[in-house]
2 protein chains.
Amino acid sequence: MGPMTLPPGFRFHPTDEELVAYYLDRKINGGIIELEVIPEVDLYKCEPWDLPDKSFLPSKDMEWYFYSPRDRKYPNGSRTNRATRSGYWKATGKDRAVHSQKRAVGMKKTLVYYRGRAPHGIRTDWVMHEYRLIESASPTCTSTAGSTLKDSYALCRVFKKNIVIPKTSRQQSVGATVDQSCGMTTSVSHRRHPETSERMSTMKTS
Amino acid sequence: MGPMTLPPGFRFHPTDEELVAYYLDRKINGGIIELEVIPEVDLYKCEPWDLPDKSFLPSKDMEWYFYSPRDRKYPNGSRTNRATRSGYWKATGKDRAVHSQKRAVGMKKTLVYYRGRAPHGIRTDWVMHEYRLIESASPTCTSTAGSTLKDSYALCRVFKKNIVIPKTSRQQSVGATVDQSCGMTTSVSHRRHPETSERMSTMKTS
């Protein structure tokens, strides 16, 4: 599956809430996702520099999104195996809650990739934001089954720090000369549901 | 013409280059614009707070884009009339060049809206970025006609400072708790060219 293009100026710039409450929730609970832009990739079977090619969004933004199955280090344990062939991902900072409509719906963890083996790995500029769904207060969801299900996938954003990203205009500091030679087309993935193009072509008269 | 919606996470976040070298250049030179997201509005016939309703992009991002005909203060002069009924727009800072493929293609001016009449107006939080096309080095364009044509429209982004915008995730500071109650759907305008939805529905196999 390869990338496709969006009209100039349009980008996949999701909020944390959209990532958790829409993309991850629907992936895990089998909801319809309007535009399938996030592929399923086992992130711990890949090195970070191999990931951009697997993205449906080979965007100029230099960030890539994946659903990753949550692989356990020990069959019944809760620790996730974060080693790859050439290194490992190590958590940094505190996990943060992601809220939707005033309710905590997920957690966001930041990880950094180290080459080599712990504790002697060498820190790199590769960063991951890992989002996971948390137990909902929904009474329809039994505790054990719900917990297992909600842990089946994480949604991850991978990016490389210190890469010069063509900034969108509001982010630019006042007074700076703008010199960007980015292309005029943004790329995103294929889509699955026909409503999208219909929505994009519907002209509502107000 | 009313707004339409985009899949969650997708936004109109154009770079300066895209605004000038694609949207403004094609508007002025009659090129095809794939998705007509920017309406034509005489900005000096409106107060800033009336503008959001005229946008095809009533987005949660709280910024609005318009093509504005460049109205002269004096028929043969070069000064633009920036007064509205209730106030006026006043330039601030230096104009900055916008580049595309290492070439300056436009200028970007920042203006602030003042209520009342100069020099006694009261500064507000309404800000405008005004983009104009500059003379191209193209030999096909004669100096006088080209200059008039290129001055026919400006492309303007209007926004209100100090509004809390639901940040996209990369912009969020590490360590902060994310608490957003933004909706799950971004809105954009109608589209004119059928290629867009085809492009969005095309699945290229790589």
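So that the names make sense, note that chain A is the first sequence line, chain B the second, and so on, each numbered from 1.
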Nearest heavy atoms of Arg11(B) and His13(A), plus distance in Å
NH1-O, 2.5 Å

Which atom names give the shortest non-hydrogen contact between Pro8(B) and Glu34(A), and what distance separates them?
CD-OE1, 4.0 Å

Spatial distance of atom CZ (Phe10(B)) from atom CG (Leu35(A)) [nearest 0.5 Å]
4.5 Å

Looking at Lys27(B), I want to see if its NZ is surrounded by more than 12 non-hydrogen atoms of other residues, nucleotides or ligands under 6.0 Å.
yes

